[in-house]
Amino acid sequence: MLKQLQAELAQRAKSGLMRQRRVLAGAQQPEIHLDGQALLAFASNDYLGLAHHPQLIQATQQALAQVGVGAGASHLINGHHALHEQAEKTLAQFVGYSSGLLFSTGYMANLGIVSALLGREDALFADKLNHACLNDAAILSRASFQRYAHQDLAALERLLANSHARRKLVAVDAVFSMDGDIADVPRLLALCEQYDAYLLLDDAHGFGVLGQQGRGILSHFSVSSERIIYMATLGKAAGVAGAFVAATPVIMDYLMQFARTYVYTTASPPALAAALTQSVAVMQQEPQRQQHLIDLIAYLKQHCVLRHWHLMPSDSAIQPLWVGDAEMAVRLSQRLMQAGIYVPAIRPPTVPQNSARLRISLSAAHSQVQVQKLIAALQQAESELA
Ligand SMILES: *Cc1c(COP(=O)(O)O)cnc(C)c1O
């Protein structure tokens with residue numbers, strides 16, 4: 001086995017696809033130290049700059065002092081703390097539901113939702129560019145797993161029309177994590193109604209960013225439906241960790257009983273739930289954060305004009321710069337790093353072959369001057385590399 005593993009590692013290295021970690025010191029913010037190097041980063045999903053917001057820190061510290069660190073048990077034994085209860089309600093109400101269910105991570109939420117709702121007689125319909133954990137969820141559920149080309153709703157309709165599955169679930173990233181484009185939720189919902197399917201929206205990159213005060217994809221499109229199962233992760237714009245699910249009451253009751261990643265795992269530390277309640281409060285108290293992010297997105301799109309590489313069409317905080325060749329993407333990322341700017345290169349297998357890119361992610365914590373620096377560094381790198 002070790003020989004085989006070594007051979008696979010060598011193959012990955014040879015294809016220029018070896019990944020490496022860099023050690024972050026200090027807080028998650030635009031100006032960071034990675035492996036000891038001072039860098040201006042456009043890399044995190046902390047879209048509102050809440051990961052080190054004083055109000056979140058204070059709420060966490062206070063909760064830690066009062067209730068300690070670990071939850072001690074799962075939610076269904078005696079780990080469901082009043083702080084979890086409050087965070088769940090606050091999050092759910094913020095996006096238009098009366099109750100929610102907290103999961104420890106988005107990955108676990110998707111595994112739990114899909115494997116609870118679907119079995120062998122059912123079908124999951126999935127956009128090809130969905131996040132990896134939705135794909136893993138499909139496999140875990142043993143449902144028929146039917147993928148369609150990115151945002152090709154005519155292809156989805158053909159699959160739905162031909163399906164005789166007992167239950168049908170369409171699952172999409174509301175904002176696609178490596179492309180930044182937004183799913184056409186109204187059309188998806190219409191198809192679900194027409195073919196008696198349900199719609200799982202993974203709003204990992206929309207919650208906090210899109211919609212009124214950052215209420216996410218449902219507010220962005222002003223939609224609501226019994227057919228929607230809404231999931232948002234809380235380690236991104238919310239600045240903390242975890243995920244929550246909100247849906248019609250029957251589905252909520254069902255998930256609490258049957259989502260195995262909810263039932264068979266220790267609840268996350270209650271102090272993090274205290275931080276989450278504050279995240280929602282800050283989103284409402286400081287709408288200027290969301291506005292500043294929207295302004296930065298518009299600024300980058302208007303001013304980042306290069307000859308060889310282009311920004312992919314996106315209105316979200318994810319602004320990928322298309323490069324194509326994986327090796328070139330890595331060289332560009334390295335060149336920027338020498339200039340003191342960190343933008344990660346995203347390569348296969350995270351994205352399809354020959355679609356390597358730099359994943360620029362913007363945050364309300366960035367200033368316009370910092371975005372100007374990024375654009376200048378990209379233009380300089382282009383003149384040297386391309
Ligand atoms: C990040 C992400 C997840 C996973 O969420 P975690 O809380 O980080 O486990 C799920 N779906 C999408 C679309 C994501 O971007």
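Note that ligands are numbered from 1 as they come in the structure, with each ligand's atoms numbered from 1 the same way. For reference, positions follow the sequence shown, starting with 1.
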- Message: When you compare the side chain of Ser99 with that of Met252, does any pair of heavy atoms fall below 4.5 Å?
- Response: yes
Check ligand 1 against the protein and report each N/O to N/O distance under 3.5 Å, formatted as atom name, atom name, distance.
residue: ligand 1; atom: 7 (O); partner: Gly106; partner atom: N; Å: 2.7
residue: ligand 1; atom: 9 (O); partner: Gly106; partner atom: N; Å: 3.2
residue: ligand 1; atom: 9 (O); partner: Tyr107; partner atom: N; Å: 3.0
residue: ligand 1; atom: 11 (N); partner: Asp202; partner atom: OD1; Å: 3.4
residue: ligand 1; atom: 11 (N); partner: Asp202; partner atom: OD2; Å: 2.5
residue: ligand 1; atom: 15 (O); partner: His205; partner atom: NE2; Å: 2.5
residue: ligand 1; atom: 15 (O); partner: Lys236; partner atom: NZ; Å: 2.6

- Task: Pick out which of Arg167, Lys168, Arg227 makes a salt bridge (charged side-chain N to carboxylate O under 4.0 Å, His left out) with Asp196.
- Result: Arg227
- Item | Contact check, side chains of Leu191 and Val170, non-hydrogen atoms, under 4.5 Å | no
- Item | Single hit among Val343, Leu332, Leu374 for side-chain contact (heavy atoms from CB on, under 4.5 Å) with Leu321 | Leu332
- If you round to the nearest 0.5 Å, how far is CG of Asp127 from CG of Asp184? 11.5 Å
- Give every residue pair that meets the ring-ring contact (aromatic ring centres under 6.0 Å, His included) criterion with at least one member in residues 121-168, sequence neighbours excluded. His150-Phe176
